[in-house]
Visitor: 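Quick one: this structure, given as structure tokens, is what I'll be asking you about.
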Amino acid sequence: AENLSEFADYISINVSSPNTPNLREFQKKENLEKVINFVKDGIAISKTLNKKLPIFLKIAPDINEQTLKSIIETSHTQKIFGLIISNTTLDRDRNLKSKKTSELGGLSGKPLFKKSTHILSQANKIIKNNNYKLFLIAAGGVSDSKSAYVKILCGAHLVQLYSSLTFEGPLVASKIISGMLKFMSRDNIKNISDIVGIIDNPKEYPIGIIVIATWSFLIFILLIIDFAFSFKLILESLTNFELPVVPDVVSKILLIELK
């Protein structure tokens, strides 16, 4: 930190690389506190003009909820800026088709998406429930606008790209942003910050179809329901004409939105 701070916009403490023996032991509270304090000391004596340089912890996706809670509590008490979720995984999904699945080391790319997003969502929920002020950077399996959008819905304030840059080059970032703007237009989102972390469970929203129930859309539905009831009562009192029941009206609106 002492040597790098003057060149950095933020410092990332990597305590989660699976390729470094025993490195993940630093995710334990007593070890983590020591590492953070060493980094703070390094920033303090560095040449950087910003002595409050943001510090992020990069954590593993292969941790349980108890460890995640401990990391978040330590991050809060140590007043660091936030977490990068996540590093690569040691897990190997049964559906992997590569002949190299038995190789040692961290796995990145699309196979990492589900696991890293689950940890991201858990972290977002813990932070919100405790009213902590921690920012989240999402990494792991982001390959297109849909996966980036899901990361933001699950709590990401920023999104990092790694494997997709390798396979598609730097222009993938522009493609992702363009696609996200279309999603925002579809879901009537004016500011991306309005949807950060609004989903508690990513399993409720499959990647292929993302439906955002914005306040404006909810109000729109309620107005239609109210209008449908009122209009139905008026028509039935004057004629024998019957409108479709309200659930059908709502379902048609939702079907149009999904298309």
Visitor: Using distance alone, with no hydrogens and no angle criterion, decide if S147 and D144 have a side-chain donor and acceptor under 3.5 Å apart.
Guide: yes

Visitor: Keeping the roles fixed (side chain from K151, backbone from G140), state whether a donor-acceptor pair exists under 3.5 Å.
Guide: yes

Visitor: Evaluate the side-chain proximity of I85 to I137: yes if any heavy-atom separation is below 4.5 Å, no if none is.
Guide: no

Visitor: Verify the neighbour count for atom NZ of K51: are there more than 12 heavy atoms of other residues, nucleotides or ligands below 6.0 Å?
Guide: yes

Visitor: Which atom pairs, one a donor and one an acceptor, fall under 3.5 Å between side chains of residues 57-70 and the rest of the protein, sequence neighbours left out?
Guide:
residue: D62; atom: OD1; partner: T89; partner atom: OG1; Å: 2.6
residue: D62; atom: OD1; partner: K115; partner atom: NZ; Å: 2.9
residue: D62; atom: OD2; partner: R24; partner atom: NH1; Å: 2.8
residue: D62; atom: OD2; partner: T89; partner atom: OG1; Å: 3.4
residue: D62; atom: OD2; partner: L90; partner atom: N; Å: 3.0
residue: N64; atom: OD1; partner: Q66; partner atom: N; Å: 3.3
residue: N64; atom: OD1; partner: T67; partner atom: N; Å: 2.8
residue: N64; atom: OD1; partner: T67; partner atom: OG1; Å: 2.9

Visitor: Would you call the rings of F56 and Y10 parallel, tilted or perpendicular, taking 30° and 60° as the class edges?
Guide: perpendicular

Visitor: Just wondering, more than 12 heavy atoms not from N191 lying within 6.0 Å of its CG?
Guide: yes

Visitor: Out of curiosity, does I11 fall in the hydrophobic cluster containing I71 (side-chain heavy atoms, cut-off under 4.5 Å, transitive links)?
Guide: yes

Visitor: Same cluster for I152 and L181 if Ile/Leu/Val/Met/Phe/Trp/Tyr side chains link at under 4.5 Å?
Guide: yes

Visitor: Honestly curious: do V196 and M184 fall in one hydrophobic cluster under the side-chain, below-4.5 Å linking rule?
Guide: yes

Visitor: Salt bridge or not between K29 and E73? Use side-chain N to carboxylate O under 4.0 Å.
Guide: no

Visitor: Between N14 and S17 (side chain of the first, backbone of the second, donor and acceptor by atom type, cut-off under 3.5 Å), is there such a pair?
Guide: yes

Visitor: Would you please classify the geometry between the Y132 ring and the H76 ring as parallel, tilted or perpendicular, with 30° and 60° separating the classes?
Guide: parallel

Visitor: Is it true that the side chains of Y149 and D187 contain a donor and an acceptor less than 3.5 Å apart?
Guide: yes

Visitor: More than 12 heavy atoms of other residues, nucleotides or ligands under 6.0 Å from NZ of K40: is that the case?
Guide: yes

Visitor: Do S108 and S163 have side-chain atoms, one donor and one acceptor, less than 3.5 Å apart?
Guide: yes

